[in-house]
Amino acid sequence: MQWSRLFIPTLREDPADAEVISHKLLVRAGYIRQLAAGVYSYLFLAQRAFNKIIRIVREEMDAIGAQEMLLPALHPAELWQESGRWEVMGDDMFRLKDRGDRLLCLGMTHEEVMTAIARGELRSYKQLPQIWYQIQTKFRDEPRPRSGLIRVRQFIMKDSYSFDLDPAGLDVAYQKHYRAYCRIFQRCGLKFVAVEAHSGTMGGSQSHEFMVRAEAGEDWVVLCPQCGYAANLEKAISVPAPPLAEDPPGDFDPEPFATPGVRTIAEVAEFTGLPETSQIKSLVMVAEGSPVLVLLRGDHQLSETKLSEALGGRVIRPAHPDEMREWLGADAGSLGPVGVRNMTILADLALRGRRNMICGANRDGYHLRHVTPEEDFTASWHDLRQVAPGDRCTHCGAALDMGRAIEVGHIFKLGYKYSDSMGLRVTGPKGEEITPIMGSYGIGIERILCSAVELYADQDGMVLPVSIAPFEVVVTPVNNSDPEQMSAARSLYESAKAAGLDALLDDRDERPGVKFKDADLIGIPYRITVGKKLASGKVEIFERRSRQSTEVEPARAVEQLRQRIEEDYRNLQPQD
RNA sequence: CGGGGCGUGGCUCAGCCUGGUUAGAGCGCCUGGUUCGGGACCAGGAGGUCGGUGGUUCAAAUCCACUCGCCCCGACCA
């Protein structure tokens with residue numbers, strides 16, 4: 001294609017409302033334009049990149065025997081009421097009414113629709129297993145869209161669903177997806193890690209997220225550099241750093257002491273001269289109406305995910321100040337477990353075996369010293385805390401690494417949640433009724449592009465892997481008014497196309513600086529520069545990633561470039 | 001939903017505090033010319049109901065109220 005004919009609206013300055021790199025660059029490079037909060041138009045370059053990503057996704061999904069479909073984005077409310085998620089999804093779901101006042105919603109995911117098809121059509125165990133997928137637009141009314149394409153309200157998702165006769169079958173489907181996802185992200189040129197994850201409102205037992213480390217990411221992952229343990233922060237486990245001070249020995253009774261105006265853990269530490277690790281942090285939470293007292297070591301943070309799981313998956317929220325006062329007789333800052341009878345007490349395992357600690361006295365302005373778990377109060381023990389910097393790996397003892405990441409894919413073992421609630425049954429070999437077991441698997445198409453931008457961008461703009469860049473090479477004549485250069489550039493462009501390369505000819509009547517800057521900005525992996533060295537029989541092959549140029553004879557340029565690009569693709573090829 | 005910030009030609013911004021002729025700049029765009037290896041130069045030109053509504057005032061981009069939109073932090077998040 002000829003650049004002079006294309007719509008690639010690049011900008012010289014960063015857009016004012018962008019903060020993260022991928023947002024700035026995708027707008028500046030003319031890939032996207034914003035329509036509303038969390039809603040973007042994908043212009044020519046973005047669509048080209050997405051098509052390349054989608055093609056890779058399709059090839060790998062087809063390779064595991066998944067069948068592509070396309071389901072509606074508009075769903076009747078009844079379907080979601082059946083699974084119980086009409087309520088669960090809350091404000092995240094776009095809801096609307098048709099002219100007959102019937103309730104509808106825009107699909108945020110498709111378990112319900114897929115299960116409805118399955119229950120309508122699958123009759124016999126002989127039809128299983130099945131893997132169905134689609135690449136389609138999803139709608140989620142995010143409370144806070146942000147970071148350009150990283151968190152949006154309308155996005156393209158590859159979602160697939162597996163139906164199996166038994167858990168062993170589900171394991172197979174899950175493994176197939178796991179491998180296919182690894183291959184997809186490798187072929188897209190991403191550095192990623194698969195982490196253990198929490199299944200959230202999807203329900204189900206096992207789940208992995210595919211994460212790309214990036215500061216712009218919204219998730220936190222915990223990684224062990226030694227044994228490879230990897231988990232989402234909300235699920236990660238660790239060996240806590242030891243307390244900073246040893247517990248005083250001896251068998252004492254709790255003893256109140258006045259702590260006027262001392263409320264936070266840090267203030268208590270300052271006041272007592274003892275570190276935060278010597279304190280018991282008491283948090284009042286409400287689990288679907290009933291109060292729960294949660295105890296943690298002073299320096300630890302509660303993982304609400306773990307707490308919710310410990311409470312059997314109940315929805316939890318922090319208690320309001322007046323509730324705490326009513327239930328415990330004191331304000332936050334002076335709360336503790338001693339003498340508490342009117343609520344469940346859950347304690348984090350890091351407190352087990354500790355002695356003579358400090359906690360609130362349930363009386364404003366007072367704390368207790370010499371509080372020993374299991375002697376002065378009883379609680380049920382759970383892992384409730386978030387992994388903290390400095391923690392060690394439970395498997396190998398190495399120091400854990402923590403960092404932000406972008407979630408590009410997520411796979412779930414759903415179990416029977418949807419087949420049960422929506423009545424999906426097939427007949428077994430002995431005429432018995434079998435409830436199929438399901439899995440669901442998602443990839444965020446836009447996030448693959450965002451992640452690549454975040455990972456590889458430099459000062460000059462985006463640097464995209466050949467497999468997902470909108471073009472593989474741009475042929476740039478330096479001076480349009482030089483007929484030799486122009487015709488050489490045209491013929492290089494034609495032979496690049498003939499050699500099967502995805503090429504672009506920058507035939508714009510612009511000065512060379514403008515062409516170079518634009519080509520760098522939009523991230524095309526290679527550039528053939530046709531300039532004054534043409535007179536001495538040379539053109540340049542410029543590699544965007546390394547910024548290295550090599551001079552070659554025009555006649556050999558395309559073949560050499562073709563080989564380098566082939567090499568790039570080989571390096572992106574998964575080895576397994 | 002709580003906190004903060006911002007809405008002025010296509011883009012990035014100034015002007016607003018302290019109201020006062022035809023609302024500015026740089027970039028981009030159009031025409032002509034000179035140029036051509038890292039965002040050229042000269043000359044001329046087009047383009048803005050100052051987010052919206054209401055109010056105060058002789059007079060509002062500027063002050064007040066309401067409202068809409070967007071961004072950031074937090075809560076939330078398959």
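Lettering of chains follows the sequences in order, A, B, ..., and the numbering in each one begins at 1.
Straight-line distance between the C1' atoms of B/U31 and B/U57: roughly 45 Å, to the nearest whole Å. As rounded to the nearest Å, B/G48 and B/A61 have C1' atoms that lie 11 Å from one another. Straight-line distance between the P atoms of B/U34 and B/C11: roughly 33 Å, to the nearest whole Å. A gap of 13 Å separates the C1' atoms of B/G26 and B/G9, to the nearest Å. On the P atoms, B/A25 is 42 Å away from B/C1, given to the nearest whole Å.
No contact: A/Arg317 has no heavy atom under 4.0 Å from any strand. When heavy atoms are screened at a 4.0 angstrom cut-off, A/Thr476 is found touching no nucleic acid atom at all. Among the atoms of the strands shown, none is found under 4.0 Å from any heavy atom of A/Ala18.
The pairing partner recorded for B/C1 is B/G74, the criterion being a Watson-Crick or G-U wobble arrangement whose two distances lie under 3.5 angstrom. Under the Watson-Crick or G-U wobble criterion, with both distances below 3.5 Å, B/C27 is paired with B/G10. With a 3.5 Å ceiling on both atom-pair distances, the Watson-Crick or G-U wobble partner of B/G54 is B/C64. For B/U34, the paired base is B/A40 (Watson-Crick or G-U wobble, both distances below 3.5 Å).
Between the CD atom in A/Glu288 and the CD1 atom in A/Ile316 there is a gap of 10.0 Å [rounded to 0.5 Å]. Between the CE atom in A/Met462 and the NZ atom in A/Lys24 there is a gap of 14.5 Å [rounded to 0.5 Å]. Taking NZ of A/Lys281 as the reference point, atom CZ of A/Arg385 lies at 12.0 Å (rounded to 0.5 Å).
Donor-acceptor pairing under 3.5 Å, judged by distance alone, is present between the side chain of A/Asp518 and the base of B/G39. The base of B/G37 is paired with the side chain of A/Glu540 by a donor and an acceptor separated by under 3.5 Å. For B/G28, the base has no donor-acceptor partner in the side chain of A/Arg28 [N/O atoms by modelled type, under 3.5 angstrom]. For B/G38, the base has a donor-acceptor partner in the side chain of A/Arg527 [N/O atoms by modelled type, under 3.5 angstrom]. For A/Arg151 against B/C77, a side-chain-to-base donor-acceptor contact under 3.5 Å is present. Looking at A/Asp520, its side chain comes within 3.5 Å of the base of B/G38 through a donor and an acceptor atom.
Phosphate proximity of B/C27 to A/Arg12: absent, as no side-chain N or O sits under 4.0 Å from OP1 or OP2. Contact annotation: A/Gln485 side-chain N/O to B/C36 OP1/OP2 distance is not under 4.0 Å.
For A/Arg146, the side-chain atoms get nearest to B/G74 when compared with the rest of B/G38, B/G74, B/C13. Considering only the side chain of A/Glu304, B/C76 comes nearest among B/G74, B/C76, B/G37.
With hydrogens and angles disregarded, no donor-acceptor distance shorter than 3.5 Å links the side chain of A/Ser308 to the backbone of A/Glu304.
With respect to A/Glu551, the salt bridge (charged side-chain N to carboxylate O under 4.0 Å, His left out) criterion is satisfied by exactly one of A/Arg556, A/Lys538, A/Lys533: A/Lys533.
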I would like to know whether A/Phe412 and A/Tyr161 meet ring pair (Phe, Tyr, Trp, His ring centres under 6.0 Å); could you show each step before the answer?
CA-CA 9 Å; A/Phe412 300 87; A/Tyr161 305 85; over 10 Å; no

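In this structure, A/Ser147 and A/Phe516 both approach RNA chain B, and ranking their closest nucleotides by distance from the 5' end singles out A/Phe516.
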